Amino acid sequence: MFGSNKSNRDGHLVVDALIGAQVVIRGDVEFSGGLYVEGTILGKVIAQDGATNATLTLAEQGSIEGEIRAHVVVISGRLDGDVHASERVELTPSARVTGNVHYQVVEMNAGAQLTGRLIHGGAQMALPPPADEGSEKDGNARRKLAEAMA
């Protein structure tokens with residue numbers, strides 16, 4: 001029923017909560033442990049603070065319309081929203097994601113579709129803070145960035 005999954009513990013997929021295929025949840029979901037979604041969630045899916053084992057698995061027939069925040073995220077279904085994974089994101093061949101994927105480690109299989117950006121967790125720290133629009137500093141920063149990228 002749950003298939004095999006690389007984001008498991010000790011070789012076994014651990015599911016503490018299952019949202020079945022016929023279930024539609026309208027509202028935010030907070031979880032810890034393993035959450036397996038076969039149904040639809042219209043809202044945010046957020047791991048509890050300090051839940052370092054929080055793993056969200058979105059099944060092929062499942063869908064989420066909202067932001068996801070968890071330690072490990074495996075997507076096989078449809079997601080409309082941003083993903084923030086503190087450890088790892090896996091996009092399987094059937095994944096359909098519209099939104100940005102923030103990750104430390106990413107695995108994207110052939111066939112997965114992403115309409116958005118892949119953003120490494122350390123990348124935001126490397127960028128300088130945004131300056132005021134139209135300021136001389138902003139123009140200089142843009143010029144230096146363009147020179148560095150050329």
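These numbers come from a predicted model, not from an experiment.
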Side chain to side chain contact (heavy atoms under 4.5 Å, CB included) partners of V105, counting only residues at least two apart: R88
Residues forming a salt bridge (charged side-chain N to carboxylate O under 4.0 Å, His left out) with D28, sequence neighbours excluded: none
Contacts under 3.5 angstrom, residues 91-101 side chains, donor-acceptor by atom type, not counting sequence neighbours:
unit_1	atom_1	unit_2	atom_2	d
T92	OG1	I75	O	3.2
T92	OG1	S76	OG	2.9
T92	OG1	S94	OG	3.4
S94	OG	S76	O	2.7
R96	NH1	P93	O	3.2
R96	NH1	G111	O	3.0
N100	OD1	R117	N	2.9

Residue list, salt bridge (charged side-chain N to carboxylate O under 4.0 Å, His left out) with R69, at least two apart or on another chain: E67
Whether H84 and H102 hold their rings parallel, tilted or perpendicular, with breakpoints at 30° and 60°: parallel
Pairs where residues 40-58 contributes a residue and the test salt bridge (charged side-chain N to carboxylate O under 4.0 Å, His left out) is met, not counting sequence neighbours: none
For the student: nearest non-hydrogen atoms of G66 and L79, plus distance: O-CD1, 3.4 Å
Sequence neighbours excluded, every pair satisfying salt bridge (charged side-chain N to carboxylate O under 4.0 Å, His left out) that has a member inside residues 53-66: E65-R78
V37-V23 co-clustered via ILVMFWY side chain contacts under 4.5 Å: yes
Close side-chain approach of V29 and L35, heavy atoms under 4.5 Å: yes
Those residues that, when tested against S32, pass side-chain hydrogen bond (donor to acceptor under 3.5 Å, both in side chains) (two or more places apart): none
Apart from I46 itself, residues in the same hydrophobic cluster as defined by side-chain heavy atoms under 4.5 Å: none
Test item: V45 and L58 side chains (from C-beta on) under 4.5 Å apart, heavy atoms: no
Non-neighbouring partners of H71 that pass ring pair (Phe, Tyr, Trp, His ring centres under 6.0 Å), sequence neighbours left out: none
Those residues that, when tested against E87, pass salt bridge (charged side-chain N to carboxylate O under 4.0 Å, His left out) (two or more places apart): none
Closest non-hydrogen atom pair between V89 and Y103, with its separation: CG2-CB, 4.0 Å
Rounded distance (nearest 0.5 Å) linking atom CD1 of I68 with atom CD1 of I64: 4.0 Å
